[in-house]
Amino acid sequence: MSTGVILINFGEPAGLERGEVVAFLERIFHANAALEEADNEAARRARSRQLAERRAPGLIEEYRAIGGSPMNGQAEAQARALAAELGRAGHDVRVYCAFQFTDPLVRAVVEDACADGVDALVAIPVYPLCGPSTNVAGIGLVEDALAQLEWEVPFYGVTGWHRHPDYLEMRADTIRSFAARRGVSLSDPETLLVFSAHGTPIRYIEEGSRYVRYVEGFCAEVSARLGVGRYRLGYQNHSNRGIEWTAPDIEAVVRSAAPARRVVVDPVSFMHEQSETLAELDHDLREEAEDAGLEFHRVPVPHDDPRFAGILASLVGAGPAPPRGLAPCRCRTGGRAFCMNAPLPGGGATGAAR
């Protein structure tokens with residue numbers, strides 16, 4: 001039996017052409033159109049276009065400043081590493097890379113898998129922490145494509161996997177080794193470890209998303225592995241719609257870091273370097289920190305850590321049934337989504353997927 005594995009990523013435009021960036025942003029804003037009231041689809045489309053046109057110039061400048069986003073290339077490299085890892089284990093697999101908001105879009109990749117004649121399908125959004133517009137929406141796009149194609153293939157998706165013990169240890173190791181290279185002691189009272197998570201609209205939390213709970217739990221587990229008792233958590237929020245987002249903002253956390261003299265910032269929501277890390281953190285947040293008289297150290301995203309392919313492979317298993325350690329997802333109910341955040345049948349807690 002051959003299994004198709006789809007790694008789902010956010011995606012960022014490959015170039016700086018305005019039309020490509022506007023189209024990318026328009027897809028994002030339309031996907032989250034329910035955050036604002038609109039009478040009909042035409043109104044939602046118009047509002048999404050308006051927001052995209054307004055945001056595009058600033059985003060293009062960010063891409064220009066960082067030399068273009070490396071995200072898509074890193075995602076494709078992860079897909080190749082996973083294919084090699086599964087191949088070494090003797091699995092007959094095809095690994096595909098799909099993006100929610102740039103080409104190749106999820107629908108097109110599902111069509112490719114169908115044309116390739118795979119016997120089972122697994123989808124893993126490469127977002128460590130499960131959120132409604134990322135993991136949950138990504139699995140939904142696959143299920144929608146399967147329904148539209150009328151393709152009845154054994155399928156499951158993995159929505160939440162940040163509690164995988166190997167992943168937790170990998171992220172702790174990344175922080176530990178980075179601090180050592182920089183000559184920074186995480187136990188020094190003048191050093192403050194700051195976790196930076198991608199923000200989410202409060203409306204999603206009020207509607208039942210467990211995202212904040214997952215972020216807080218993840219930060220607590222990583223800091224415990226590091227032996228760090230004092231840390232802060234902030235969110236990278238966006239104000240495009242003028243709605244309430246998660247608090248506190250990461251900028252406020254850094255500005256209030258005193259009496260610390262330095263901050264070590266770890267971008268916990270990401271498994272790729274992208275505009276949110278290379279521009280929002282390395283440039284904008286660094287300026288905030290230095291203006292406040294702080295040394296600024298940003299932990300790199302371990303996108304190419306050789307352990308990561310093994311972590312993803314353990315979530316795939318042999319297909320088409322999810323491996324032991326995954327339970328039905330509570331964030332995407334009624335579908336074929338599984339995660340490591342839900343209790344296992346019988347009341348046990350999820351552990352490593354092996």
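For clarity, every value in this text was computed on a predicted model and none was experimentally measured.
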Between [atom1] of [X] and [atom2] of [Y], what distance do you get to the nearest 0.5 Å?
X	Y	atom1	atom2	value
L51	I28	CG	CD1	11.0 Å
I139	T159	CD1	OG1	6.5 Å
L7	L82	CG	CG	5.5 Å
F155	T3	CZ	OG1	12.5 Å
I60	S275	CD1	OG	12.0 Å
T277	D266	OG1	CG	11.0 Å

Can you list, pair by pair, the side-chain donor-acceptor contacts under 3.5 Å of residues 92-99, counting residues two or more places apart and other chains?
{"residue": "Y96", "atom": "OH", "partner": "D116", "partner atom": "OD2", "Å": "2.6"}

Can you see which heavy atom on [X] is nearest to which on [Y], and at what distance?
X	Y	answer
V153	D119	CG2-O, 3.4 Å
Y156	P323	OH-CD, 3.3 Å
L141	Q100	CD1-CG, 3.9 Å
I124	L312	CD1-O, 4.0 Å
G138	I8	O-CD1, 3.5 Å
T174	P300	CG2-O, 3.5 Å

List for me each residue that meets side-chain contact (heavy atoms from CB on, under 4.5 Å) alongside [X], sequence neighbours excluded, and say none if there are none.
X	answer
R107	E111, A145, Q148, L149
R88	A84, E85
V212	I205, E216, Y235, T246
E206	I202

Quiz item: With sequence neighbours left out, which residue pairs that include part of residues 105-141 fulfil the ring pair (Phe, Tyr, Trp, His ring centres under 6.0 Å) condition?
Solution: none
Practice problem: Would you please classify the geometry between the H198 ring and the W245 ring as parallel, tilted or perpendicular, with 30° and 60° separating the classes? | Solution: tilted
Quiz item: Parallel, tilted or perpendicular: which describes the rings of H162 and Y214, with under 30° parallel and over 60° perpendicular?
Solution: tilted
Quiz prompt | Residues Y167 and S314: side-chain donor-acceptor under 3.5 angstrom | solution = no
Suppose we screen for salt bridge (charged side-chain N to carboxylate O under 4.0 Å, His left out). Which residues come up paired with [X], at least two apart in sequence or across chains?
X	result
D188	R262
R80	none
R27	none

Around atom [atom1] of [X], are there more than 12 heavy atoms from other residues, nucleotides or ligands closer than 6.0 Å?
X	atom1	answer
E207	CD	yes
R18	CZ	yes
R182	CZ	yes

Exercise. State whether the side chain of T191 and the backbone N or O of S185 hold a donor-acceptor pair below 3.5 Å, judged by distance alone.
Key: yes
Quiz item: Is a donor on one side and an acceptor on the other found under 3.5 Å between the side chain of R163 and the backbone of G217?
Solution: no
Self-check item: Sole residue of E276, Q236, R232 in side-chain hydrogen bond (donor to acceptor under 3.5 Å, both in side chains) with S196
Solution: Q236
Quiz item: Just one of E12, Q74, Q78 clears the side-chain hydrogen bond (donor to acceptor under 3.5 Å, both in side chains) bar with H272, so which one?
Solution: Q78
Tell me, do [X] and [Y] make a side-chain contact under 4.5 Å, heavy atoms counted?
X	Y	answer
D291	R255	no
E288	I250	no
L193	F195	yes
P70	L278	yes
F338	P328	yes
V106	I6	no
I243	R203	no
P267	V301	yes

Self-check item: Intermediate values then yes/no, side-chain contact (heavy atoms from CB on, under 4.5 Å), T200 and S209
Solution: CA-CA 10 Å; T200 195; S209 170; 5.7 Å; no
Return all side-chain donor-acceptor pairs below 3.5 angstrom for residues 37-44, not counting sequence neighbours, or 'none' if the list is empty.
{"residue": "N40", "atom": "OD1", "partner": "A42", "partner atom": "N", "Å": "3.2"}
{"residue": "N40", "atom": "OD1", "partner": "A43", "partner atom": "N", "Å": "2.8"}
{"residue": "E41", "atom": "OE1", "partner": "R44", "partner atom": "NE", "Å": "3.1"}
{"residue": "E41", "atom": "OE1", "partner": "R44", "partner atom": "NH2", "Å": "3.3"}
{"residue": "E41", "atom": "OE2", "partner": "H30", "partner atom": "NE2", "Å": "2.7"}
{"residue": "E41", "atom": "OE2", "partner": "R45", "partner atom": "NE", "Å": "2.9"}

Is [Y] reachable from [X] through a run of hydrophobic residues whose side-chain heavy atoms are each under 4.5 Å from the next?
X	Y	result
V194	L233	no
V215	I175	yes
L285	V184	no

Exercise. Start with the C-alpha distance between R210 and C331, add both sets of side-chain angles, then the distance that settles side-chain contact (heavy atoms from CB on, under 4.5 Å), and finish with yes or no.
Key: CA-CA 8 Å; R210 296 172 175 81; C331 296; 4.0 Å; yes
Self-check item: Ionic contact status for R298 with E273, cut-off 4.0 Å
Solution: yes
Quiz prompt | Pair E290 + R286, salt bridge at N-O below 4.0 Å | solution = yes
Quiz item: Can E280 and H238 be said to form a side-chain contact (heavy atoms from CB on, under 4.5 Å), step by step?
Solution: CA-CA 11 Å; E280 291 181 15; H238 298 140; 3.0 Å; yes
Exercise. Quick one: do F101 and F29 satisfy side-chain contact (heavy atoms from CB on, under 4.5 Å)? Show the steps, please.
Key: CA-CA 10 Å; F101 302 110; F29 289 126; over 6 Å; no
Show every donor-acceptor pair shorter than 3.5 Å between a side-chain atom in residues 218-229 and any protein atom, with sequence neighbours excluded, or say none if there are none.
{"residue": "S223", "atom": "OG", "partner": "C219", "partner atom": "O", "Å": "3.0"}
{"residue": "S223", "atom": "OG", "partner": "A220", "partner atom": "O", "Å": "2.9"}
{"residue": "R225", "atom": "NE", "partner": "E169", "partner atom": "OE1", "Å": "3.4"}

Quiz item: Taking only residues at least two apart or on different chains, which pairs with a member in residues 130-147 satisfy side chain to side chain donor-acceptor pair (under 3.5 Å)?
Solution: E143-R332
